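A short worksheet on the structure shown next.
What you are looking at is a predicted structure, and each value in this text was computed from that prediction instead of being measured. Residue numbers start at 1 and run along the sequence shown.
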Amino acid sequence: MDTSEAGSKAGLYDAFATSGKALASGKRLELLDLLSQGERTVEALAKAAALNLTTASAHLQTLKRAGFVVTRRDGVRIHYRLAGEDVARLFVLLRKVAEAHQVAVAPAREAYLGKDEGGALSRERLIERAAAGDVVVLDVRPVAEYLAGHIPGAISIPVDELADRIGELPEETEIVVYCRGEYCALAYDAVRLLNDRGRRAIRLHDGMLEWRLAELPVDAGAAT
């Protein structure tokens, strides 16, 4: 291999490495997770990720330089969204590879999500049971995420409102709860609250991110 070829190869791998470097931050991964639910402003992303505006903007610029996100301007506001479905798939794959090969992931997952006492329902089984009408599907994400896209027929009650609005849910029907994805704590918290209040509740195994990537039907806007 001559010097020019070696240099070209190094340049290629350095270009690949730029993407890897952009992912080398827990907060940037969290921002990708939030953007997998739909477009958001810098201000909304900063609030959701518990970051100040300057830090959130810096992380988003890193993701933009790597080609993972794109922007649009609406007046003085900048809106971010994922650059494509392939970015969402990469994010999901990264989590799966980490869980399979990194021993620190399992205890970290349990520390964050807690014990999975109630088990979970697969997407396929949820589709069957929803068609039969023997479950209520509950979306516990923030309303803006529900409006951006939700499982058809799902009821929207954000998890921080659930204790006060539990009376809106039928008492005898099992409730299937979902949120952003497989590692989203909102569904775990909602299932615990519902079970503590005497309701039958179970999580969807994953969430809206995986539902979209499976190319299953998605409704947007308010439920009719």
Side-chain angles (χ1 to χ4, degrees), residues 26 29-38 40 44-45 47-50 88 91-92 94-96 98-99 105-130 134-214 216-220 222-223:
L29 293 178
E30 185 178 353
L31 290 170
L32 290 178
D33 191 15
L34 290 166
L35 287 169
S36 74
Q37 306 300 304
R40 295 199 188 203
L45 287 165
K47 181 178 180 181
F91 173 61
V92 170
L94 175 62
R95 297 189 312 189
K96 287 298 185 184
E99 189 167 43
V105 171
R109 173 177 176 151
E110 184 170 321
Y112 173 53
L113 298 175
K115 296 249 183 220
D116 190 10
E117 299 171 356
L121 199 68
S122 69
R123 292 189 300 267
E124 295 77 14
R125 185 65 180 135
L126 173 59
I127 292 168
E128 292 174 1
R129 295 190 61 187
D134 69 347
V135 294
V136 170
V137 183
L138 177 63
D139 185 319
V140 294
R141 298 173 299 156
V143 171
E145 295 180 21
Y146 175 86
L147 295 175
H150 55 267
I151 294 175
I155 296 170
S156 172
I157 304 180
V159 69
D160 57 358
E161 300 176 14
L162 185 55
D164 294 330
R165 296 176 57 188
I166 194 170
E168 297 176 25
L169 298 168
E171 295 185 7
E172 303 302 323
T173 308
E174 185 169 38
I175 302 163
V176 180
V177 182
Y178 75 91
C179 55
R180 292 169 178 147
E182 184 177 352
Y183 302 86
C184 177
L186 306 180
Y188 285 78
D189 293 342
V191 167
R192 293 186 191 105
L193 187 154
L194 290 165
N195 287 334
D196 287 347
R197 298 292 184 89
R199 302 300 183 93
R200 292 187 297 126
I202 189 172
R203 280 188 313 108
L204 178 63
H205 174 70
D206 36 49
M208 198 64 221
L209 170 57
E210 295 86 355
W211 185 275
R212 284 183 184 274
L213 292 178
L216 293 169
V218 174
D219 282 349

Show the nearest heavy-atom pair for residues Ala98 and Val105, with the distance to one decimal.
O-CG2, 3.4 Å
Do the non-hydrogen side-chain atoms of Leu209 and Phe91 ever get within less than 4.5 Å of each other?
yes
Using a 3.5 Å distance criterion without hydrogens, assess whether the side chain of Arg180 forms a donor-acceptor pair with backbone atoms of Met208.
no
Specify the closest pair of heavy atoms between Ile166 and Ala163, including all atoms of both residues, with the distance to one decimal.
CG2-O, 3.8 Å
Over all heavy atoms of both residues, which pair between Cys179 and Val140 is shortest? Give the atoms and the distance, please.
CB-CG2, 4.0 Å
For Arg109 and Arg95: C-alpha separation, side-chain torsions, deciding distance, then whether side-chain contact (heavy atoms from CB on, under 4.5 Å) applies.
CA-CA 11 Å; Arg109 173 177 176 151; Arg95 297 189 312 189; over 6 Å; no
Look at the side chain of Trp211 and the backbone N and O of Pro217, then say whether any donor-acceptor pair between them is shorter than 3.5 Å.
yes
Ile202 side chain reached by Val135 side chain, heavy atoms, under 4.5 Å
no
Would you say Tyr146's side chain and Ala154's backbone share a donor-acceptor pair under 3.5 angstrom?
yes
Within a strict 4.5 Å, meaning less than it, do heavy atoms of the Val136 and Ile155 side chains meet?
yes
First locate atom CG of Leu204, then atom CD of Glu182, and finally report the distance between them rounded to the nearest 0.5 Å.
10.0 Å
Worked verdict on Ile127 versus Leu216 for side-chain contact (heavy atoms from CB on, under 4.5 Å)
CA-CA 10 Å; Ile127 292 168; Leu216 293 169; 3.9 Å; yes
Salt-bridge contact Glu174-Arg129 (side-chain N to carboxylate O under 4.0 Å)
yes
Shortest non-hydrogen contact between Leu113 and Cys184, atoms and distance:
CD2-C, 3.9 Å
Going through the checks in order, is the side-chain contact (heavy atoms from CB on, under 4.5 Å) test met by Ile175 and Arg199?
CA-CA 8 Å; Ile175 302 163; Arg199 302 300 183 93; 4.3 Å; yes
Of all the heavy-atom pairs spanning Ala201 and Asn195, show the shortest one and how long it is.
N-OD1, 3.3 Å
Gap between atom CZ of Arg165 and atom OG of Ser156 - 0.5 Å precision:
6.5 Å
For a 4.5 angstrom cut-off between non-hydrogen side-chain atoms, does Leu186 reach Pro142?
yes
side-chain contact (heavy atoms from CB on, under 4.5 Å) between His205 and Arg123: does it pass, once the steps are laid out?
CA-CA 7 Å; His205 174 70; Arg123 292 189 300 267; over 6 Å; no
So, taking the atom named CG in Asp139 and the one named CD1 in Ile151, what distance separates them when rounded to the nearest 0.5 Å?
7.5 Å
Gln37 side chain vs Leu34 backbone, donor-acceptor pair below 3.5 Å:
no
If you take all heavy atoms of Pro158 and Val143, which pair is closest and at what distance?
CG-CG2, 3.7 Å
Value for CG (Leu169) from CG (Leu162), rounded to nearest 0.5 Å, stands at 6.5 Å
